[in-house]
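See structure below.
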Amino acid sequence: MTSFMEVLSGALPTNAILTGDVAAPYLTDWMGELKGEALAVLRPSTAQEVSRIVTICRDAGVVIVPQGGNTGLVGAATPVTKRAAVVVQLGRMNRIRRVDARDNAATVEAGCVLATLQAAAEAEDRLFPLSLGSEGSAQIGGLIATNAGGTMALRWGMMRDLVLGLEVVLPDGRIWSDLSSLRKRNLGIDPKHLFIGAEGTTGIVTAAVLKLVPRPAARATAWLALSRLEAGPEFLSLALQHAGGAVDACELIPRQGLSFASAHVDSAQSPLDPTPDWAVLMEISGPDAERLQETLMSLLEVAMDRDLVCDGVVAASEGQRRYLWFLREAIVEGQRLAGFQIKHDIAVPVAEVPEFIRVASDRVSKLDAHVLVSAFGHLGDGNIHFNLSPSASADPADLSKCVYGTCLEFGGTISAEHGLGRKKKKIAKDLQAVQTCPFEIESLLDPQRILNPLSES
């Protein structure tokens with residue numbers, strides 16, 4: 001590999017090549033569960049430099065693992081492979097090239113941090129409607145490669161729905177650029193969808209044109225106790241009828257999740273006393289604060305009359321709104337601080353969410369009588385994070401197989417928004433949870449399989 005490194009050194013600036021101790025932080029996944037090896041971590045600053053890297057690696061047969069903010073939960077950006085590999089970390093390609101309020105579009109490079117784009121859009125009185133817990137470090141390229149979801153997917157869709165155009169380095173080193181902001185262009189197959197959600201297996205995203213929307217003038221946010229778990233989907237349906245397209249989010253909150261948060265995260269306390277078994281955090285937005293509040297109060301009145309909601313608190317200020325969302329994110333941090341956990345990012349049809357949670361909880365409890373289940377997340381689109389804190393004697397593999405198998409029985413998917421990565425690839429094949437077509441496309445575009453061959457871990 002000496003000659004390979006020499007060729008790289010001749011093609012890239014010295015500060016773009018990291019080895020040794022300075023490269024180590026890029027070789028472990030965010031969860032700390034995977035540790036990989038790489039000849040080097042490469043930090044290009046242009047698409048042309050990425051193109052050179054791909055060409056050099058292709059000629060040498062060296063695997064390329066693209067990496068953004070390294071906030072993923074399935075190990076897709078960790079170089080765990082049987083072949084020699086490099087990590088291509090895109091954080092230096094972080095410019096916002098353009099924010100166009102009239103066109104409601106922004107052109108950004110792959111290394112741009114999500115929160116930076118959100119702030120730039122807000123400065124133009126616009127909103128980039130993707131919101132998730134890691135937005136302070138997650139990068140646009142990685143969010144595109146994993147087709148990220150988040151809390152506002154109910155209204156605005158996932159990352160795939162927010163991408164208008166892409167610039168991508170292909171497996172042969174060519175740069176394919178279609179940085180268009182057109183909303184309609186019906187010319188056959190749209191190539192950008194080959195790269196969104198592909199986890200870097202079909203090409204390396206280097207820039208994108210993304211949708212913006214007018215920033216809402218007002219929001220109304222409520223934390224509501226459900227009378228029973230089964231009331232969740234019915235309440236959501238009622239909210240959509242009352243508020244129409246104004247419902248941004250509807251998050252399911254379990255008592256167990258709040259217990260983790262209260263025990264391990266400073267200032268995290270349930271807003272309701274007593275803490276209900278199940279609650280929802282709902283937010284609607286629009287141009288008129290007074291009308292929005294009227295809509296929310298009308299919705300709550302009907303929901304209580306129908307015995308869907310039995311208690312609640314409505315945010316009376318931006319500070320209170322932020323605190324309610326802080327609690328939602330504290331569920332994640334609280335369970336992490338509580339100890340070892342097994343994450344499951346699944347989705348089932350919205351109407352099936354309550355029954356899935358009951359059946360899956362019962363089944364994992366039979367495998368591990370002391371397991372703690374925290375089933376929370378995006379009720380609005382059926383994406384539940386069915387996370388487990390098992391006992392020391394439990395078999396994590398058996399528990400996960402149980403959860404995923406149950407999910408498939410309910411017509412669901414074993415990966416709703418996090419991707420398959422290295423952690424889920426094998427179980428997806430074992431359970432026949434993924435059709436062969438995506439893998440055939442990867443091989444067709446990259447016959448040498450040098451771009452992130454996830455199945456080689």
Side-chain angles (χ1 to χ4, degrees), residues 28-35 71-76 78 80 133-134 229 251-265 268 270 275 277-278 327-348 352-379 382-410 412-431 433 457:
T28 301
D29 74 311
W30 184 84
M31 294 285 291
E33 296 176 358
L34 294 178
K35 183 173 177 57
T71 60
L73 300 177
V74 293
T78 307
V80 180
S134 61
L229 177 57
E251 297 288 292
L252 184 66
I253 310 293
R255 177 198 289 268
Q256 181 60 66
L258 273 186
S259 295
F260 283 131
S262 299
H264 299 284
V265 180
S270 173
T275 301
D277 290 338
W278 298 97
L327 288 178
R328 160 62 176 82
E329 296 304 329
I331 292 173
V332 180
E333 182 67 2
Q335 189 168 17
R336 184 185 73 82
L337 293 173
F340 176 68
Q341 61 174 308
I342 310 171
K343 290 180 175 288
H344 302 100
D345 164 49
I346 64 88
V348 296
E352 300 288 350
V353 167
E355 186 63 13
F356 164 78
I357 290 176
R358 292 196 186 283
V359 172
S361 297
D362 181 62
R363 288 179 179 178
V364 297
S365 294
K366 289 178 179 177
L367 293 174
D368 178 8
H370 302 289
V371 68
L372 298 178
V373 178
S374 181
F376 69 97
H378 320 304
L379 176 63
N383 175 196
I384 299 300
H385 299 297
F386 193 87
N387 294 349
L388 307 178
S389 292
S391 65
S393 61
D395 185 335
D398 284 349
L399 290 171
S400 288
K401 187 174 182 180
C402 174
V403 173
Y404 291 141
T406 304
C407 172
L408 294 175
E409 287 178 21
F410 278 81
T413 174
I414 70 169
S415 179
E417 62 179 358
H418 293 166
L420 291 175
R422 288 176 168 79
K423 295 181 181 179
K424 288 188 179 181
K425 207 79 169 186
K426 183 178 185 303
I427 195 166
K429 289 184 177 180
D430 290 346
L431 294 175
S457 56

One should read off an interatomic distance between Leu327 CG and Ser262 OG, to the nearest 0.5 angstrom, of 7.5 Å
Hits for side-chain contact (heavy atoms from CB on, under 4.5 Å) against Thr275, two or more places apart or cross-chain, chain-then-number order -> Arg255, Leu258, Ser270
In terms of heavy-atom contacts, Val353 and Gly382 come closest through CG2-CA, 4.0 Å
Sorted by chain and residue number, the side chain to side chain donor-acceptor pair (under 3.5 Å) partners of Ser389 (sequence neighbours excluded) come out as Gln335
So OG of Ser361 and CG of Leu372: to nearest 0.5 Å the spacing works out to 11.0 Å
Between Ser391 and His370 the two heavy atoms that sit nearest each other are CB-CB, 4.0 Å
Distance col, row Glu355:CD vs Thr406:OG1, nearest 0.5 angstrom, shows 11.0 Å
Residue set satisfying side chain to side chain donor-acceptor pair (under 3.5 Å) with Asn383, at least two apart, ordered chain then number -> Asp345
Closest non-hydrogen atoms of Ser374 and Ile331, given as atom of the first, atom of the second and distance, are OG-CG2, 4.0 Å
Applying side chain to side chain donor-acceptor pair (under 3.5 Å) to Glu329 and not counting sequence neighbours gives none
Trp278 meets the side-chain contact (heavy atoms from CB on, under 4.5 Å) criterion, sequence neighbours left out, with Leu226, Leu229, Leu252, Pro254, Ile357, Ala375
Sorted by chain and number, sequence neighbours left out, salt bridge (charged side-chain N to carboxylate O under 4.0 Å, His left out) with Asp368 holds for none
Between the OG1 atom in Thr78 and the CD atom in Glu33, the distance rounded to the nearest 0.5 Å is 10.0 Å
Going through the checks in order, is the side-chain contact (heavy atoms from CB on, under 4.5 Å) test met by Leu420 and Val74? CA-CA 6 Å; Leu420 291 175; Val74 293; over 6 Å; no
Hits for salt bridge (charged side-chain N to carboxylate O under 4.0 Å, His left out) against Glu409, two or more places apart or cross-chain, chain-then-number order -> Arg363
Could you pull out every donor-acceptor pair under 3.5 Å between side chains of residues 337-344 and any protein atom, sequence neighbours left out?
| unit_1 | atom_1 | unit_2 | atom_2 | d |
| --- | --- | --- | --- | --- |
| His344 | ND1 | Phe386 | O | 2.8 |
| His344 | NE2 | Ser400 | OG | 2.8 |

The side chain to side chain donor-acceptor pair (under 3.5 Å) partners of Glu251 (sequence neighbours excluded) come to Arg328, His378
Taking every heavy atom of Val265 against every heavy atom of Ala330, the minimum-distance pair comes out as CG2-O, 3.8 Å
Heavy-atom nearest pair, Leu431 first then Tyr404, reads CD1-CB, 3.6 Å
Sorted by chain and number, sequence neighbours left out, side-chain contact (heavy atoms from CB on, under 4.5 Å) with Lys429 holds for Phe439, Ser455
Looking only at heavy atoms, the pair that brings Val371 and Pro390 closest together is CG2-CA, 4.0 Å
Sorted by chain and residue number, the salt bridge (charged side-chain N to carboxylate O under 4.0 Å, His left out) partners of Asp362 (sequence neighbours excluded) come out as Lys366
So Val373 and Leu388, side-chain contact (heavy atoms from CB on, under 4.5 Å) or not? Walk me through it. CA-CA 5 Å; Val373 178; Leu388 307 178; 3.7 Å; yes
Here the gap from Phe410 atom CZ to Ile346 atom CD1, rounded to the nearest 0.5 Å, amounts to 10.0 Å
In this structure, CG of Asp29 is separated from CG of Leu73 (nearest 0.5 Å) by 8.5 Å
Residues pairing under salt bridge (charged side-chain N to carboxylate O under 4.0 Å, His left out) where one sits in residues 395-404, two or more places apart or in two chains, turn out to be none
